[in-house]
Amino acid sequence: MANASKYRIGVLASGTGSTFEAVQTAIDGGKLPDTQIAFVICNNGPTNPNAQIWEKARRLGVNIFHVSNKTQEQCTVPVVKGFPVEGTISYEASERMVRLAQEHGVDLFVALGFMKKIIGRVLQEFPLANVHHGPLPETANEHGIGIDEKVMRLGLDNSGPTFHWMDKRVDENGLPMYDLGQHNMRLLIGHKLVPVTDAMRAEWQEYGTAALLEAEDMRVEKEMIPDWIATALSQLQAA
């Protein structure tokens with residue numbers, strides 16, 4: 001690894017930053033020794049009302065950068081059947097992430113609620129782990145509250161966050177395959193069961209919402225993520 005005495009993590013995020021905050025709190029409390037968050041990359045800018053992570057990063061003294069398709073002079077994304085693919089970072093944004101990682105000596109990228117698909121050199125050349133807010137493979141290709149709603153729609157007995165290595169394979173269009181559930185399970189780092197309770201089912205039946213399940217998944221995610229990052233770093237150390 002790049003830093004034998006100090007592991008340096010690059011966090012990728014989009015929104016509130018609550019899981020990032022849990023990781024930084026664990027570091028400050030000694031639960032992740034010899035570990036430092038080198039920076040946060042947010043694909044939403046500091047004026048976006050949904051990106052409270054900017055305030056959290058500044059309060060915690062962590063560098064934060066806005067990197068998105070809008071911040072780069074050019075924006076090149078994969079094209080399928082003649083149309084640009086939505087929902088990915090651009091190849092230029094990927095290059096910007098690579099440069100930041102090299103400048104800051106990053107050993108591991110961790111996606112904590114990053115709402116864009118990652119392509120290009122940053123995916124191919126750096127260890128990159130992702131927290132998925134639900135069980136895999138059942139909720140693959142979903143994000144946000146849609147994950148918890150799918151759990152309820154499928155009638156699953158358990159949900160729970162999953163932490164996994166991103167598969168570096170891409171399809172014929174250059175799109176990443178890392179969100180395919182079967183591959184994620186092969187690259188599993190950690191998963192914690194969250195039982196679906198009667199109260200959660202009642203909320204779904206009456207209102208068609210999954211707020212109770214989402215809140216419990218998030219609570220468990222923040223509780224488990226420091227241990228899972230420690231496991232990921234141990235796996236990198238042993239590789």
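All residue numbers in this chain count up from 1 along the given sequence.
- Side chain of Thr35 to backbone of Pro33: a donor-acceptor contact under 3.5 angstrom is found.
- For Gln235 and Trp165, the side-chain atoms include at least one donor-acceptor pair closer than 3.5 Å.
- Residue Met97 is not grouped with residue Val77 when hydrophobic side chains (ILVMFWY) are merged at heavy-atom distances under 4.5 angstrom, including chains of intermediate members.
- Taking 4.5 Å as the limit, every side-chain heavy atom of Lys116 sits out of range of all side-chain heavy atoms of Leu12.
- In terms of heavy atoms, Ser68 sits closest to Asn43 at CB-O, 3.3 Å.
- Using a cutoff of 4.0 Å between basic side-chain nitrogens and carboxylate oxygens, Glu221 and Lys192 are not scored as salt-bridged.
- Between Arg219 and Glu223, at least one side-chain nitrogen of the basic residue sits less than 4.0 Å from a carboxylate oxygen of the acidic one, meeting the salt-bridge criterion.
- One side chain, Thr162 or His191, offers a donor N or O that lies under 3.5 Å from an acceptor on the other.
- Residues Gln74 and Tyr91 bring no donor and acceptor atom of their side chains to less than 3.5 Å of each other.
- Heavy-atom minimum distance, Gly113 versus Val131: N-CG1, 4.2 Å.
- The backbone N or O of Ser18 sits nowhere less than 3.5 Å from a side-chain atom of Lys56 that would complete a donor-acceptor pair.
- Side-chain atoms of Lys168 never come within 3.5 Å of backbone atoms of Leu128 as a donor-acceptor pair (strictly under, hydrogens ignored).
- Residues Met218 and Met115 fall into different hydrophobic clusters, defined by Ile, Leu, Val, Met, Phe, Trp and Tyr side chains chained together at heavy-atom separations under 4.5 Å.
- A salt bridge between Arg99 and Glu103 is absent, with no side-chain N of the basic residue lying under 4.0 Å from a carboxylate O of the acidic one.
- Heavy atoms only, all atoms of each residue included: Trp204 and Ala210 are closest at CE3-N, 4.4 Å.
- Shortest non-hydrogen contact noted between Glu203 and Leu212 is OE1-N, 3.1 Å.
- Formation of a donor-acceptor pair under 3.5 Å by the Thr139 side chain with backbone atoms of Glu142 is not found in this model.
- From Leu154, atom CG reaches atom CD of Glu149 across 12.0 Å, with rounding to the nearest 0.5 Å.
- Put simply, CD1 on Ile53 and CZ on Arg58 are 11.5 Å apart, with the number rounded to the nearest 0.5 Å.
- Thr71 places no side-chain N or O within 3.5 Å of a backbone atom of Val67 that could act as its donor or acceptor partner.
- Counting only distance, with no hydrogens or angles, the side chain of Ser94 and the backbone of Ile119 share a donor-acceptor pair below 3.5 Å.
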task = Could you please spell out the steps behind the side chain to side chain contact (heavy atoms under 4.5 Å, CB included) verdict for Val196 and Asp157?
result = CA-CA 5 Å; Val196 176; Asp157 292 329; 5.8 Å; no
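- Among residues at least two apart or in separate chains, ring pair (Phe, Tyr, Trp, His ring centres under 6.0 Å) pairs with a member in residues 11-45 are Phe39-Phe65, Phe39-His104.
- Electrostatic pairing of Asp217 and Lys222 does not count as a salt bridge here, judged by no charged N lying under 4.0 Å from a carboxylate O.
- Between His66 and Cys42 there is no side-chain heavy-atom pair separated by less than 4.5 Å.
- Between the side chain of Arg8 and the backbone N or O of Ile37, no donor-acceptor pair lies under 3.5 Å.
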query = Checking side chain to side chain contact (heavy atoms under 4.5 Å, CB included) for the pair Asp148/Met152: CA distance, chi angles, key distance, verdict?
reply = CA-CA 6 Å; Asp148 303 287; Met152 302 307 299; 5.8 Å; no
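- In this structure, a donor-acceptor pair under 3.5 Å is present between the side chains of Glu92 and Thr76.
- With hydrogens and angles disregarded, a donor-acceptor distance shorter than 3.5 Å links the side chain of Asn44 to the backbone of Ser14.
- The stretch residues 218-237 participates, sequence neighbours left out, in no ring pair (Phe, Tyr, Trp, His ring centres under 6.0 Å) pair at all.
- Here OG1 of Thr16 is found 10.5 Å from CG of Leu112. Values are rounded to the nearest 0.5 Å.
- If you take CG on Asp34 and CG on Leu233, they are separated by 10.5 Å, rounding to the nearest 0.5 Å.
- Taking all atoms of both residues into account, the shortest heavy-atom contact from Val122 to Val98 is N-CG2, 3.5 Å.
- Side-chain N or O atoms of Asn69 include none that pairs as donor or acceptor with a backbone N or O of Cys75 at under 3.5 Å.
- Hydrophobic clustering, with ILVMFWY side chains joined whenever heavy atoms are under 4.5 angstrom apart, keeps Val170 apart from Leu187.
- Atom CD1 of Ile9 sits about 9.5 Å away from atom CD of Gln36, to the nearest 0.5 Å.
- Checked for salt-bridge contact, Lys150 and Glu138 miss the test: no charged N lies under 4.0 Å from a carboxylate O.
- Here the side chains of Ile41 and Phe109 are in contact, with some heavy-atom distance below 4.5 Å.
- Hydrophobic clustering places Val220 together with Val151 (ILVMFWY residues linked when any side-chain heavy atoms are closer than 4.5 Å, directly or through intermediates).
- When atom types are taken as modelled, the side chain of Asp171 and the backbone of Leu175 share a donor-acceptor pair closer than 3.5 angstrom.
- The structure places CG of Asp167 at 8.5 Å from CG of Leu123, a figure rounded to the nearest 0.5 Å.
- Nearest heavy atoms, Ile118 versus Pro176: O-CG, 3.6 Å.
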